[in-house]
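Sequential numbering from 1 along the given sequence is applied to the chain's residues.
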Amino acid sequence: MPRRPARKRSGILMPAVVLLLCAALLLISHRMGGDAQVDALLDAIAKNQTFIASSIALETGIPTPRLTSTVPVQKTVEPTKNASEPTMESAPPPDNESLPEALPTAQDKRDTDIEIRNDADIAVDVAAMLENPIQIHVKQDQTPQVLIYHTHATEAYTPSGKDTYKPSGDYRTRDKTQSVVRVGTELAKVLKARGIGVVHITDIFDDPSFNGSYGRSLTAAEQALKKYPDIKVTIDLHRDAILTKDGRQFRLARTIGGQEVAQLMLVVGTNASGLEHPHWRKNMNFAVNLQADANGAYPGLMRDVNLRSQRFNTHLRSGSLLVECGSSGNTLQEALRSIRMFGEVLADRLLA
């Protein structure tokens, strides 16, 4: 029978022997009353991968592999679909939510070149409103002072990437992690991070019946205002829907700071339809000045302010607005990027 070749130990013997001798000397010192420093050294040797690998190599003759540093790998969690969300508080973000992209640097100026889409055909003095802005200030004590709700909570965006959903109609879904409710959650998060207390109503008012949704959302909003009387601003957050001439979904987007974002529109209701609305001019003043802030900070983020004949539940407070974030042609991520920018501008105005 042929003899097995002798095991080679070149490059292994001396390092291992030296380490073993050092360990032995330290162990003797420890048993003779060594102090805590010896304990620490012994512990370090025991955890030393090179020492352990060399010791094994001394016995087996298997060369020691080169050690490389390792980086923990984050596990990807699949998005939670149709998660139940609490009423009148911020809905939790999806489990797989990544850290938001850094906002582009806001320009420190106001752009008072405001355009009004006046569908109510009522005269308004924009210049006077800019010279005398309505004063709406909030405290940074987490007392609820902003209300966010969604009359049309099932409004959704164009599916893209991981942002997909089970539809409940054309570009609509009851999945609150994929609808405009998710955008409201992001707005609430931005405001809360600035110390502003927020109530977020995540109830669905437009499904199974679209008719009557404004009446149902009004009832919920009034209940919230009764429970939280310090609320000064109410935002009914929607997404728009625009079709091109050939029937395709129109995308309302701009590139700001290298990011594709959905455009937003402030909608101001009036009493032109015959419904009582004592606050509409104050609402308009608030919208005009907020628009000037947003136009200056993030040029291209905002569409023209829209003045309407309908009331749209904006009679609740002097700081009540309907906000359209993007359109059905946008993606959810584009809407989330833009609402973060809008949230920071809104917080700046409320805390000024």
Lys/Arg N to Asp/Glu carboxylate O, Asp207 vs Arg174, below 4.0 Å: yes

Salt bridge (charged side-chain N to carboxylate O under 4.0 Å, His left out) contacts in which one or both residues fall within residues 275-286, not counting sequence neighbours: none

Separation of Ser328 OG from Gln249 CD (nearest 0.5 Å):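 Here the interatomic distance stands at 3.5 Å.
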
Over all atoms of both residues, closest heavy-atom pair of Ala287 and Leu321: CB-CD2, 3.7 Å

Under the side chain to side chain donor-acceptor pair (under 3.5 Å) test, residues paired with Thr112 that sit two or more places apart: none

Sequence-distant partners of Asp125, salt bridge (charged side-chain N to carboxylate O under 4.0 Å, His left out), two or more places apart: none

Pairs involving residues 248-264, ordered by first then second residue, that meet salt bridge (charged side-chain N to carboxylate O under 4.0 Å, His left out) (sequence neighbours left out): Asp246-Arg248, Arg251-Glu260, Arg251-Glu334

Test: Arg194 and Asp348 ion pair at under 4.0 Å: yes

Pairs touching residues 137-164 that satisfy ring pair (Phe, Tyr, Trp, His ring centres under 6.0 Å), sequence neighbours left out: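 As it turns out, the ring pair (Phe, Tyr, Trp, His ring centres under 6.0 Å) pairs with a partner in residues 137-164, which skip direct neighbours, are His150-His200, His152-Phe210, His152-Tyr214, His152-His238.
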
SB check Arg239 Glu324 (cutoff 4.0 Å):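 Result for this pair is no, no salt bridge flagged.
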
Qualifying salt bridge (charged side-chain N to carboxylate O under 4.0 Å, His left out) pairs with a residue from residues 291-304, counting only residues at least two apart or across chains: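 Every pair satisfying salt bridge (charged side-chain N to carboxylate O under 4.0 Å, His left out) with a residue in residues 291-304: Arg110-Asp293, Asp240-Arg303, Asp293-Arg349.
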
Residues forming a side chain to side chain donor-acceptor pair (under 3.5 Å) with His315, sequence neighbours excluded: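 Checked His315 against side chain to side chain donor-acceptor pair (under 3.5 Å); matches are Arg311.
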
Partners meeting side chain to side chain donor-acceptor pair (under 3.5 Å) with Asp119 (sequence neighbours left out): Arg117, Asn306

For Ser217, all residues meeting side chain to side chain donor-acceptor pair (under 3.5 Å), sequence neighbours excluded: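 Residues passing side chain to side chain donor-acceptor pair (under 3.5 Å) with Ser217: Thr151, Asn313.
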
Residues forming a side chain to side chain contact (heavy atoms under 4.5 Å, CB included) with Thr158, sequence neighbours excluded: Tyr171

Salt-bridge contact Asp175-Arg182 (side-chain N to carboxylate O under 4.0 Å):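 Answer for the salt bridge query: no.
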
Inter-residue atom distance Leu316.CG - Leu225.CG, 0.5 Å rounding: 5.5 Å

Residue pairs passing the salt bridge (charged side-chain N to carboxylate O under 4.0 Å, His left out) test where at least one lies in residues 263-272, sequence neighbours excluded: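 Passing the test, one end in residues 263-272: no pairs.
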
For Arg337, salt bridge (charged side-chain N to carboxylate O under 4.0 Å, His left out) partners two or more places apart: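 Listed in chain order: Glu101.
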
